[in-house]
Student: 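Here's a structure for you.
Note that these values count all heavy atoms, side chains included, but never hydrogens, waters or copies made by symmetry. Note that the coordinates shown come from a computational prediction; the quantities given were computed from them, not determined experimentally.
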Amino acid sequence: LDRVFGRLHGTANEAQRVLELVAAEPGITAAKLIQAFPPARAEFIILTIVWLAKLGLLDWLESSSGPASIVQLPGA
C-alpha cells in the first residue's frame, strides 16, 4: 500500500467525516459510506477507508449473510 499509494488520498475533512459516520452508525457498509460523498470522490473515499484501516482506526468485519461492515476500533 505504501509503495502504490504513499499517502492518504482523501482530504483530512473526508477522513474525519468517514470516522464520524462510522461512529454514528457502527457496522455501516463501505457502500453506504461512499454514498455519503459526491460520486466524483468515490475512489478517494475507498482509499481513505483503506488507509484508516491501515492506521488502525477502522476495521471491516466479514459477514456470511451480506456485505462486510466497517467499525471503529476501540481507542481510535
Student: Determine, stepwise, if the pair Gln72 / Leu19 fulfils side chain to side chain contact (heavy atoms under 4.5 Å, CB included).
Tutor: CA-CA 7 Å; Gln72 195 165 7; Leu19 292 172; 4.1 Å; yes
Student: Quick check for you: to the nearest 0.5 Å, what is the distance between Leu21 atom CG and Ile34 atom CD1?
Tutor: 11.5 Å
Student: Return the OG1 to CG distance between Thr48 and Leu33, rounded to the nearest 0.5 Å.
Tutor: 10.5 Å
Student: Please identify each residue that fulfils salt bridge (charged side-chain N to carboxylate O under 4.0 Å, His left out) with Glu20, with sequence neighbours left out.
Tutor: Arg17
Student: Output every pair passing salt bridge (charged side-chain N to carboxylate O under 4.0 Å, His left out) with a member in residues 36-49, not counting sequence neighbours, ordered by first then second residue.
Tutor: Glu14-Arg41
Student: For residues Leu58 and Ile28: do they belong to one hydrophobic cluster (side chain heavy atoms under 4.5 Å, members Ile, Leu, Val, Met, Phe, Trp, Tyr)?
Tutor: yes
Student: Are Phe44 and Phe37 connected in the hydrophobic side-chain network, where two residues link if heavy atoms are under 4.5 Å apart?
Tutor: no
Student: Can you name the closest pair of heavy atoms from Pro26 and Ala23 and give their distance?
Tutor: CD-O, 3.7 Å
